[in-house]
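So the structure is just underneath, and the comments pick up after that.
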Amino acid sequence: MGLGRFILYYHLFALLMAVVALALQHTFETGAVLSPHFWLLFFVVFAFTLAAYLLSDLGIRKGGELSIYSLIGGLFLKLFACLTIVAILIIKFPENKLLTALNFFSLYFLFTLFEVICLLRNLRDQNQT
C-alpha cells in the first residue's frame with residue numbers, strides 16, 4: 001500500500017470514527033458518552049498515529065534492521081506521547097476521569113489497530129517481492 005493510499009484510507013477511517021462519535025453523542029443525550037476533551041484527544045491520537053505510521057513506513061522502505069527499530073520506535077513514541085497528553089488532561093481536569101480515560105483508550109486502540117493492519121499489509125507486500 002502506497003503512502004498516498006494510506007493517507008486517503010486513514011482520513012476516511014478518521015471521518016467514519018468522527019461520525020460514529022457524533023452519532024453516539026446524539027443517541028445518548030441524557031448520559032455522557034464523550035468526555036469534554038474528546039475532540040482534543042481525537043486530534044492528538046490522529047496526529048500521533050499518522051506520525052508513527054510515517055516513521056514506520058520510512059523504516060520499512062529502508063529495510064534491514066532499521067525497519068524493526070522504526071516499527072517499535074514509532075509505536076512506543078506514539079504511546080508515550082498520547083499517554084502524556086491524557087495524563088495532563090486527567091490531572092488538570094479531574095472531573096470525568098474515567099470517561100476521559102475510556103474515550104482515550106478506545107480511540108488509541110482503534111487508531112492503532114488501523115495502523116498495524118496497514119503496516120502488516122506493507123510487510124506482506126515486501127515479502128512477496
Side-chain angles (χ1 to χ4, degrees):
M1 172 184 305
L3 194 57
R5 194 177 208 183
F6 168 78
I7 290 175
L8 174 68
Y9 289 160
Y10 186 64
H11 281 83
L12 290 175
F13 176 74
L15 182 65
L16 176 70
M17 285 184 50
V19 167
V20 168
L22 286 172
L24 282 173
Q25 186 176 16
H26 290 299
T27 302
F28 300 106
E29 289 178 2
T30 56
V33 176
L34 301 180
S35 75
H37 310 290
F38 176 80
W39 296 109
L40 173 65
L41 290 172
F42 186 88
F43 176 73
V44 165
V45 174
F46 175 83
F48 281 125
T49 302
L50 184 60
Y53 181 84
L54 294 175
L55 177 69
S56 300
D57 188 58
L58 179 67
I60 288 172
R61 295 198 191 284
K62 294 254 185 207
E65 195 173 309
L66 183 63
S67 64
I68 297 167
Y69 292 135
S70 67
L71 284 168
I72 299 299
L75 289 172
F76 174 75
L77 289 175
K78 179 179 86 163
L79 175 65
F80 186 71
C82 289
L83 282 177
T84 302
I85 298 295
V86 80
I88 291 170
L89 282 175
I90 287 175
I91 290 169
K92 189 166 176 133
F93 304 103
E95 58 277 350
N96 293 330
K97 288 184 205 179
L98 181 62
L99 187 59
T100 301
L102 286 173
N103 286 167
F104 164 72
F105 282 112
S106 63
L107 285 172
Y108 181 82
F109 287 128
L110 286 171
F111 275 113
T112 300
L113 177 69
F114 185 81
E115 176 190 9
V116 168
I117 288 172
C118 290
L119 286 170
L120 287 174
R121 288 190 64 186
N122 282 348
L123 289 172
R124 184 181 61 216
D125 290 343
Q126 184 183 27
N127 288 338
Q128 289 178 353
T129 58

Let me confirm one number: the [atom1]-[atom2] distance from [X] to [Y], rounded to the nearest 0.5 Å.
{"X": "Thr49", "Y": "Leu54", "atom1": "OG1", "atom2": "CG", "result": "10.5 Å"}
{"X": "Lys97", "Y": "Ser35", "atom1": "NZ", "atom2": "OG", "result": "14.0 Å"}
{"X": "Phe76", "Y": "Leu71", "atom1": "CZ", "atom2": "CG", "result": "15.0 Å"}
{"X": "Asn96", "Y": "Leu34", "atom1": "CG", "atom2": "CG", "result": "11.0 Å"}
{"X": "Thr84", "Y": "Leu89", "atom1": "OG1", "atom2": "CG", "result": "11.0 Å"}
{"X": "Leu75", "Y": "Phe80", "atom1": "CG", "atom2": "CZ", "result": "15.5 Å"}

Do [X] and [Y] belong together in a cluster built from hydrophobic side chains that touch within less than 4.5 Å?
{"X": "Leu77", "Y": "Leu50", "result": "no"}
{"X": "Ile117", "Y": "Ile60", "result": "no"}
{"X": "Trp39", "Y": "Tyr108", "result": "yes"}
{"X": "Leu79", "Y": "Phe46", "result": "yes"}
{"X": "Phe105", "Y": "Leu113", "result": "no"}

Could you check if a side-chain atom of [X] sits within less than 4.5 angstrom of a side-chain atom of [Y], using non-hydrogen atoms only?
{"X": "Val44", "Y": "Phe48", "result": "yes"}
{"X": "Asp57", "Y": "Phe6", "result": "no"}
{"X": "Val33", "Y": "Gln25", "result": "no"}
{"X": "Val86", "Y": "His37", "result": "no"}
{"X": "Cys118", "Y": "Tyr9", "result": "no"}

So which atom in [X] and which in [Y] form the shortest heavy-atom distance, rounded to 0.1 Å?
{"X": "Gly73", "Y": "Leu55", "value": "C-CD2, 4.4 Å"}
{"X": "Gly2", "Y": "Arg61", "value": "CA-NH2, 4.2 Å"}
{"X": "Ser70", "Y": "Gly59", "value": "OG-CA, 3.2 Å"}

Query raised in the report: Is it true that the NZ or CZ of Lys78 lies under 6.0 Å from the centre of Phe111's six-membered ring and within 45 degrees of the ring axis?
Result: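 No cation-pi geometry.
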
Requested in this report: Could you tell me whether a side-chain N or O of Ser106 sits under 3.5 Å from a main-chain N or O of Asn103, the two making a donor and an acceptor?
Outcome: yes

**Report entry** Check against side-chain contact (heavy atoms from CB on, under 4.5 Å), Leu107 and Met17
**Finding:** CA-CA 9 Å; Leu107 285 172; Met17 285 184 50; 3.5 Å; yes

Query raised in the report: Mind checking whether Tyr53 and Tyr10 have ring centres under 6.0 Å apart?
Result: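 For Tyr53 and Tyr10, the ring centres are not under 6.0 Å apart.
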
Query raised in the report: What is the ring orientation for Phe38 with Phe42, classed by angle as parallel under 30°, tilted 30 to 60°, or perpendicular over 60°?
Result: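 Ring orientation of Phe38 relative to Phe42: tilted.
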
